[in-house]
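Written below as structure tokens is the structure these notes are about.
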Amino acid sequence: MPKEIITGAEALMRALKAENVKTIFGYPGGAIIPVFDTLYDYTRGENKAFDHILVRHEQSAAHAAEGYARASGNVGVCIVTSGPGATNTLTGIADAMMDSTPIVVIAGQVGVSALGTDAFQEVDLVGVAQPISKWSYQIRHAEDVAWAVSRAFYIARSGRPGPVVLDFPKNAQTETTEYQPCCVDSIRSYIAYPALEQDAVRQAAELINAAKRPMALVGQGVELGNAQEELVEFLEKADIPAARTLLGLSALPSNHPLNVGMLGMHGNYAPNMKELECDVLIAIGMRFSERVTGNLAGYAKQAKIIHLDIDVSEIDKNVKTDVAVVADCKVSLPAITRLLDKNDHKEWIESFKPLHEMEYEKVIRPAIHPTNGPLLMGEIVNAVAEATGGEAILVNDVGLNQMFSSRYFKYNRKRSIISSGGLGTMGYGMPAAIGATFGAPDRIVCMFTGDGGLQMSIQELGTIMEQQCPVKIILMNNNYLGNVRQWQDMFYNKRRSFTHMLNPDYGKISAAYGIPYSFVSNRDELEGGIEKMLASYGPYILECAVKEEENVLPMIPPGKSIGEMLLEL
């Protein structure tokens with residue numbers, strides 16, 4: 001029986017279908033037209049395999065793929081053209097690399113014969129993307145498509161996830177080949193899942209069993225490894241209080257009795273202070289970012305450090321460990337748990353409470369239950385969290401809106417926060433929220449943004465309009481680039497250099513896109529505005545006029561240790 005002869009573009013469609021891809025975010029252009037022409041038949045009719053979501057900017061295609069991946073746990077996919085189309089995705093690729101998000105970016109390219117000639121819309125995408133991706137590869141021949149796609153998905157999703165870039169020259173899209181399906185499930189030079197060392201497991205268990213004041217630091221690695229249940233079993237058996245990083249906030253339910261709050265620069269006061277008192281610190285799937293540790297010279301010097309991570313490059317990178325358990329935390333956590341004594345650290349856990357109460361009185365209560373004055377970001381977030389019962393997915397942009405929404409939202413379910421952590425990308429929120437609605441169509445998606453971040457990707461209102469993505473956008477408008485303004489006030493003598501913003505009429509913009517809109521300027525209107533937003537089918541924009549000079553606290557000043565965290569200014 002003769003083998004089927006197909007084009008490289010057709011091979012790409014079949015390879016994506018073999019990877020169980022359902023949703024593609026993209027933007028067509030000259031060097032990728034053969035792929036989009038073939039995609040046409042795969043998005044309609046009885047043989048429909050994919051939903052293609054036309055974004056309004058290629059950077060948004062990458063961020064939407066990130067949001068899809070973070071909400072669903074699957075690999076996000078975007079397809080763009082060459083040159084500026086490809087380079088526009090680089091911010092999303094870097095963002096995905098920093099936050100370990102599995103996406104595959106497929107970009108058109110000039111034909112192989114034209115490479116190196118400065119042809120129209122030619123750019124060395126492989127060279128540019130290599131430092132910010134797990135793998136970057138140019139598919140020069142149609143016969144290599146199936147192998148390259150399978151390898152790309154394997155690399156993106158396995159081990160510590162991350163972005164992969166496939167550069168697809170036009171000749172490889174149009175030339176023909178005998179199609180042969182391919183399944184890559186191992187790579188000789190790539191150890192995705194390190195073998196668990198039992199000696200390290202034993203040493204970790206011994207340290208934890210002997211600890212009087214143990215403390216766990218929970219990162220996104222628990223979410224990426226789908227180890228939420230294993231985490232709870234580990235914590236409950238040894239009675240260990242656990243703090244969470246920004247991206248690990250939904251790895252442990254907000255109301256779990258061992259959850260002691262959020263770590264880091266704008267995290268909760270008690271867990272940050274208690275890092276300086278614990279005798280054993282267990283880091284699980286987190287990377288000891290400087291936003292968590294503050295100045296390393298004063299970080300947890302009294303504690304024995306146990307670090308669980310799938311990526312050996314994170315071990316001893318920032319903080320020197322006493323025991324390193326290099327493995328998937330879904331494997332390492334239960335292995336350690338089996339060796340743990342059933343323990344009781346009631347007195348140690350109780351010692352967190354006075355610090356919690358101090359923060360509540362000085363920071364939290366005034367932020368979420370103000371009695372007068374302008375609306376505050378904290379009270380808006382708290383009101384939305386209460387109205388959604390902790391069941392919604394939080395997507396946020398970057399800035400004060402990110403810190404307030406992350407701090408005051410409620411998380412009852414896994415994969416409930418989608419935020420740009422490592423790169424801190426303004427404009428991330430809206431396209432990531434679009435992606436999340438496709439990745440988790442059964443869940444409410446609440447996107448908090450500031451006026452600055454919204455305008456960085458405001459064109460994606462067009463995508464929301466066309467797709468009727470049910471994103472609930474809560475715009476907290478303070479007419480400032482608020483986070484930078486806070487730093488200017490605190491550290492630059494209140495010299496507010498170019499942080500005040502003259503904003504457009506968002507109501508008119510919403511009307512132009514046909515998206516329902518409400519404006520709230522006082523707290524008597526807030527509850528009704530939120531109810532109307534959540535009752536609305538499809539997208540909605542709720543603009544809230546908030547206090548212009550509101551600051552997010554607590555705060556570890558830059559360059560300071562966590563022991564110098566401020567509760568008030």
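None of the values given here were measured: they were computed from a predicted structure.
Judged by distance alone, with hydrogens and angles left aside, the side-chain atoms of T437 form no donor-acceptor pair with the main-chain N or O of V471 at under 3.5 Å. Remark: the backbone N or O of N226 is paired with a side-chain donor or acceptor of K330 at under 3.5 angstrom. Between the side chain of R160 and the backbone N or O of V312, no donor-acceptor pair lies under 3.5 Å. A donor-acceptor pair under 3.5 Å is formed between the side chain of D344 and the backbone N or O of K346. K320 places no side-chain N or O within donor-acceptor distance of the main-chain N or O of I315, the cut-off being under 3.5 Å.
Here D279 does not pair with K304 in a salt bridge; the nearest charged N to carboxylate O distance is not below 4.0 Å. The existence of a salt bridge linking E549 and R496 is confirmed by a sub-4.0 Å separation between a basic side-chain nitrogen and an acidic carboxylate oxygen. Salt bridge status for E314 with R287: absent, with no side-chain N to carboxylate O gap under 4.0 Å. With respect to K353 and E357, no salt bridge is recorded, no charged nitrogen being found less than 4.0 Å from a carboxylate O. A salt bridge is absent between R443 and E391: the closest approach of a Lys/Arg side-chain nitrogen to an acidic carboxylate oxygen does not fall below 4.0 angstrom.
Judged by distance alone, the side chains of S100 and Q220 never bring a donor and an acceptor atom under 3.5 Å apart. No donor-acceptor contact under 3.5 angstrom links the side chains of E277 and Q302, judged on distance only. Side-chain contact check for D311 and S313: at least one donor-acceptor pair (N or O, by modelled atom type) lies under 3.5 Å. A donor and an acceptor atom, one from each side chain of E233 and T337, are nowhere located under 3.5 Å apart. S406 and N396 are linked by a side-chain donor-acceptor pair at a separation below 3.5 angstrom, with hydrogens and angles left out of the test. With 3.5 Å as the limit, one finds a donor-acceptor pair spanning the side chains of Q455 and Y506. D322 and Q203 share no side-chain donor-acceptor pair at under 3.5 Å. A side-chain N or O of E223 and one of S250 form a donor-acceptor pair less than 3.5 Å apart. Donor-acceptor pairing under 3.5 Å is lacking for the side chains of E359 and H356. With no hydrogens or angles considered, a side-chain donor-acceptor pair links Y540 and S518 at under 3.5 Å. Side chain to side chain, Y411 and R244 fail the donor-acceptor criterion of an N or O pair below 3.5 Å. The closest side-chain donor-acceptor pair between E548 and Y480, if any, does not fall under 3.5 angstrom.
Atom NE2 of H307 is separated from atom CD1 of I305 by 10.0 Å, given to the nearest 0.5 angstrom. To the nearest 0.5 angstrom, L376 atom CG is 11.5 Å from C544 atom SG. Here CG of N209 is found 8.0 Å from CG of L339. Values are rounded to the nearest 0.5 Å. We find the CD1-OH distance between I473 and Y517 to be 12.0 Å, quoted to the nearest 0.5 Å. Residue L281 holds its CG atom at 13.5 Å from NZ of K274, rounded to the nearest 0.5 Å. Remark: L235 CG to I240 CD1 distance equals 6.0 Å, nearest 0.5 Å.
Side chains of M490 and N551 form no contact here, defined as non-hydrogen atoms less than 4.5 Å apart. A 4.5 Å side-chain heavy-atom check between I515 and L461 finds at least one atom pair inside the cut-off. Within the 4.5 Å cutoff, no side-chain heavy atoms of S72 are placed close to those of F438. For the pair N268/V260, no side-chain contact is recorded, criterion being any heavy-atom separation below 4.5 Å from C-beta on. The shortest side-chain heavy-atom distance between S60 and T463 does not fall under the 4.5 Å cut-off. In this structure the side chain of K212 never reaches within 4.5 angstrom of the side chain of V280, judged on heavy atoms. For the pair F409/T388, a side-chain contact is recorded, criterion being any heavy-atom separation below 4.5 Å from C-beta on. Taking 4.5 Å as the limit, every side-chain heavy atom of N483 sits out of range of all side-chain heavy atoms of M426.
With a 6.0 Å radius and a threshold of 12 heavy atoms from other residues, nucleotides or ligands, K237 has its NZ atom above the threshold.
Each of L475, I530, I380, V384 was scored for a side-chain contact (heavy atoms from CB on, under 4.5 Å) with L542, with one residue passing: I530. Applying side-chain contact (heavy atoms from CB on, under 4.5 Å) to M476 and the options D451, V381, L375 leaves one that passes, V381.
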>> As a quick check of understanding, evaluate side chain to side chain contact (heavy atoms under 4.5 Å, CB included) for T425 and E66, giving each step before the final call.
In response: CA-CA 12 Å; T425 306; E66 287 187 90; over 6 Å; no

>> Please determine whether side chain to side chain contact (heavy atoms under 4.5 Å, CB included) holds for the pair T101 and R70, giving the CA-CA distance in whole Å, both sets of side-chain angles, and the decisive distance to 0.1 Å.
In response: CA-CA 7 Å; T101 304; R70 296 270 286 274; 3.6 Å; yes

> Does the side chain to side chain contact (heavy atoms under 4.5 Å, CB included) test come out yes or no for Y428 and D99, once each step is laid out?
Replying inline: CA-CA 13 Å; Y428 170 92; D99 288 349; 5.5 Å; no

> Taking it one step at a time, do H256 and E236 satisfy side-chain hydrogen bond (donor to acceptor under 3.5 Å, both in side chains)?
Replying inline: CA-CA 10 Å; H256 193 283; E236 290 182 349; 2.8 Å; yes

>> Determine whether I458 and I509 satisfy the following criterion, side chain to side chain contact (heavy atoms under 4.5 Å, CB included), listing intermediate values before the conclusion.
In response: CA-CA 9 Å; I458 199 167; I509 291 174; 4.0 Å; yes

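In terms of heavy-atom proximity, N412 sits nearest to G389 at ND2-O, 2.8 Å. Scanning both residues, G427 and M456, for their nearest heavy atoms gives CA-CB, 3.7 Å. Contact between V398 and N401 at its shortest, heavy atoms only, is O-ND2, 3.4 Å. The minimum heavy-atom distance linking E550 with G378 is given by the pair OE2-N, 4.1 Å. Smallest separation of non-hydrogen atoms from A62 and I103: O-CD1, 4.2 Å. What you find for I336 and A204 is that their closest heavy atoms are CD1-CB, 4.0 Å.
Ring orientation note: the planes of F491 and W487 are nearly perpendicular, at an angle over 60° on the 30°/60° scale.
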